[in-house]
Amino acid sequence: MKYYLIAGEASGDLHASNLIRSLIKEDSTAEFRFFGGDNMLAAAEGRGEMVRHYRDLAYMGFIPVLLHLRTIMQGMKQCKQDIKEWQPDVVILVDYAGFNLKIAKYVKQQLTNIRTYYYIAPKIWAWKEYRIKSFKKYVDEMFCILPFEKQFFEDKHNYHIHYVGNPTADEVRNFIRTTETDNDDFLLRNKLSESKPIIALLAGSRRQEIKDNLPAMLEATKDYALTHQIVIAGAPAIDHEYYDSFTTGYEVTVLKRGQTYQLLYNAEAALVTSGTATLETALFHVPQVVCYKTPLPHLMRFAFNHIIKCRYISLVNLIANREVVLELFADRFSVNNIRKELHNILGSKRQQMLSDYKEIEQLLSSECAPDNAAHIMMQSLAAQAASA
């Protein structure tokens, strides 16, 4: 069968790449085309073609999107035309709602013979809940990766979904299982000491996130430079040189892209911008502080308290349904607050946070999410073909 996948950011590229591998195990004749990244290209093993890299379209925030609107619209036009010409059996959308829901609408209305599956549902339980109407209209099957989402979609909105497990948990488990023999090479290659503890800085995957969050992270950790190694995780779609303007004057190591898991495997503590990275950090058993600077912080706090329909911004707290890690965002984001909480997780709060992480692992289950999703997709496609 022919599979067309669309992922719009680094985490989506990673999750989609593992889904591709699982689909190949289920379907030995599988062919792929995709909007995605290097991980997806490697996973396709010569069976697929990358139409466009996600870094060309990965913009967030009103102003960056507005400034690059022409590029985004050209990408969407290209994507629609490419799907129409290639005629896949199914289009698989991976998160990235603003772009992907428009593609889903186009496919459902214009290419009625093509199925549409959504792998990793956008977080509409937090924001833009009205999008449930679009899912019901334009998406044939929904695959979710957070345990509380099943109740949200099915009980609240009467919309059937598949909870398949959590791919981040799969990826971290697999990494830990295989990485011990390579760890010395990682430390040597990056000139890191095995005996001096590491504080990891994960400042986001986009330029704007890094610009907003990294300066405060660096300032909050500078007093630890004598006792710890301060190490920045290079984001997959960001040039290594981009970090130079922020790190001048600081004793810090910037890793080249693709080494975040190795960094977390070795870290004693971490400062993390909210996103998938908060869950990854928890699954590596690294105490963390969530740091997320926003424009108009007091207005954002008001919106969070009165408009946004969730209590937390980090996946760790959302899954636990309570505060496991401190979230310093909007009006709580400051160098002093970050420094204070970093001191706490290196000391008095460390053991409690590590204990809470174990609870989160249990909630996620040990099932292999991409394998489950691929199996269900194949069954659904086969049933559809049989009834045609």
Side-chain angles (χ1 to χ4, degrees), residues 6-17 34-43 50-72 74-75 78 94-96 99 171 185-192 198-222 229-267 270-278 280-281 291-293 295:
I6 305 170
E9 56 190 358
S11 61
D13 174 42
L14 178 61
H15 296 325
S17 70
F34 48 86
F35 273 45
D38 300 336
N39 287 312
M40 295 168 72
L41 190 61
M50 180 163 60
V51 181
R52 193 158 186 167
H53 201 288
Y54 70 80
R55 72 168 69 97
D56 296 337
L57 303 169
Y59 303 103
M60 63 174 290
F62 178 76
I63 298 301
V65 168
L66 189 63
L67 291 173
H68 297 91
L69 187 59
R70 183 176 181 182
T71 299
I72 295 170
Q74 286 175 341
Q78 179 187 13
V94 185
D95 203 351
Y96 195 42
F99 189 97
E171 290 149 10
D185 179 63
F186 163 75
L187 295 171
L188 183 65
R189 184 171 67 249
N190 292 288
K191 300 179 181 178
L192 298 173
I198 290 172
I199 296 174
L201 307 185
L202 281 66
S205 60
R206 300 179 176 94
R207 286 175 176 262
Q208 189 62 47
E209 287 179 323
I210 295 165
K211 180 181 178 182
D212 288 342
N213 294 288
L214 185 56
M217 290 179 170
L218 288 167
E219 191 64 20
T221 55
K222 70 176 182 180
Q229 299 170 97
I230 313 302
V231 184
I232 299 171
I238 304 298
D239 295 333
H240 191 73
E241 293 73 22
Y242 182 71
Y243 294 92
D244 292 345
S245 61
F246 305 105
T247 58
T248 301
Y250 293 98
E251 191 172 338
V252 62
T253 299
V254 182
L255 299 184
K256 292 183 179 179
R257 63 185 70 172
Q259 299 185 87
T260 301
Y261 277 15
Q262 288 96 329
L263 173 58
L264 289 173
Y265 183 83
N266 287 276
L271 305 182
V272 187
T273 295
S274 184
T276 305
T278 63
E280 291 170 332
T281 302
C291 313
Y292 200 87
K293 185 178 181 179

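FYI, side chains are in, hydrogens and waters are out, and symmetry mates aren't considered; it's all heavy atoms of this structure. Heads up: numbering here begins at 1 and tracks the sequence.
- Taking both residues in full, the closest heavy atoms of T260 and A233 are given as OG1-CB, 3.6 Å, listed atom of the first, atom of the second, then distance.
- Here N39 pairs with D13 under the side chain to side chain donor-acceptor pair (under 3.5 Å) rule; sequence neighbours left out.
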Can you list the steps and then say if N266 with L192 is a side-chain contact (heavy atoms from CB on, under 4.5 Å)? CA-CA 10 Å; N266 287 276; L192 298 173; over 6 Å; no

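- Here P236 pairs with A10, Y54 under the side-chain contact (heavy atoms from CB on, under 4.5 Å) rule; sequence neighbours left out.
- Between atom OG1 of residue T273 and atom CG of residue L214 there is a gap of 8.5 Å, rounded to the nearest 0.5 Å.
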Check step by step if side-chain contact (heavy atoms from CB on, under 4.5 Å) holds for Y242 and K211. CA-CA 10 Å; Y242 182 71; K211 180 181 178 182; 3.8 Å; yes

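- With I232 as reference, L218 is the one residue of L263, L218, I210, L255 to meet the side chain to side chain contact (heavy atoms under 4.5 Å, CB included) rule.
- Remark: E209 CD to I238 CD1 distance equals 9.0 Å, nearest 0.5 Å.
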Which is it for L202 and L264 under the side-chain contact (heavy atoms from CB on, under 4.5 Å) test, yes or no, and what are the steps along the way? CA-CA 10 Å; L202 281 66; L264 289 173; 4.2 Å; yes

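- Looking at Q78 and V51, their side chains come closer than 4.5 Å, going by heavy atoms from C-beta outward.
- Taking both residues in full, the closest heavy atoms of G75 and R52 are given as CA-NH1, 3.4 Å, listed atom of the first, atom of the second, then distance.
- For E171, the side chain to side chain donor-acceptor pair (under 3.5 Å) partners at least two apart in sequence or on another chain are H15, N18.
- Not counting sequence neighbours, Y250 has no partner by the ring-ring contact (aromatic ring centres under 6.0 Å, His included) test.
- One finds the CD1 atom of I199 at 6.5 Å from the OG1 atom of T221 (value rounded to the nearest 0.5 Å).
- In terms of the side-chain contact (heavy atoms from CB on, under 4.5 Å) criterion, residue partners of L41 (sequence neighbours excluded) are, by chain and number, F34, M50.
- For Y261, the ring-ring contact (aromatic ring centres under 6.0 Å, His included) test picks out F175, F284, with sequence neighbours left out.
- Applying the side-chain contact (heavy atoms from CB on, under 4.5 Å) test to D212 and every residue at least two apart in sequence or in another chain returns Q208, K293.
- Rounded to the nearest 0.5 angstrom, T253 OG1 and K191 NZ are separated by 9.5 Å.
- Scanning both residues, C291 and L271, for their nearest heavy atoms gives SG-CB, 4.2 Å.
- Taken from CD in Q229 to CG in L187, the straight-line distance is 8.0 Å, to the nearest 0.5 Å.
- The shortest heavy-atom contact between A16 and A7 is CB-CB, 4.5 Å.
- The two atoms that bring A277 and V272 nearest to each other are CB-CG1, 3.6 Å, heavy atoms only.
- The shortest side-chain heavy-atom distance between Y96 and F35 does not fall under the 4.5 Å cut-off.
- Partners of E219 according to the salt bridge (Lys or Arg N to Asp or Glu O under 4.0 Å) rule, which considers only residues two or more places apart in sequence or in another chain, are K222.
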Go through it in stages, so that I can follow the logic: the residues are V254 and H240, the test is side-chain contact (heavy atoms from CB on, under 4.5 Å), and I'd like the CA-CA distance, side-chain angles, deciding distance and then a yes or no. CA-CA 8 Å; V254 182; H240 191 73; 3.6 Å; yes

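- In this structure, S17 contributes its side chain and L14 its backbone to a donor-acceptor pair below 3.5 Å.
- Within the structure, salt bridge (charged side-chain N to carboxylate O under 4.0 Å, His left out) contacts touching residues 253-265 (residues at least two apart or in different chains) are D239-R257.
- The environment of CD in E251 is sparse: at most 12 heavy-atom neighbours from other residues, nucleotides or ligands sit within 6.0 Å.
- For the pair A270 and T281, the tightest heavy-atom approach, listed with the atom from each and the gap, is CB-CG2, 4.0 Å.
- Under the rule for a salt bridge (Lys or Arg N to Asp or Glu O under 4.0 Å), the partners of D185 that lie at least two apart in sequence or sit in another chain are R189.
- Distance check, rounded to the nearest 0.5 Å: CG of N213 to CZ of F246 gives 10.5 Å.
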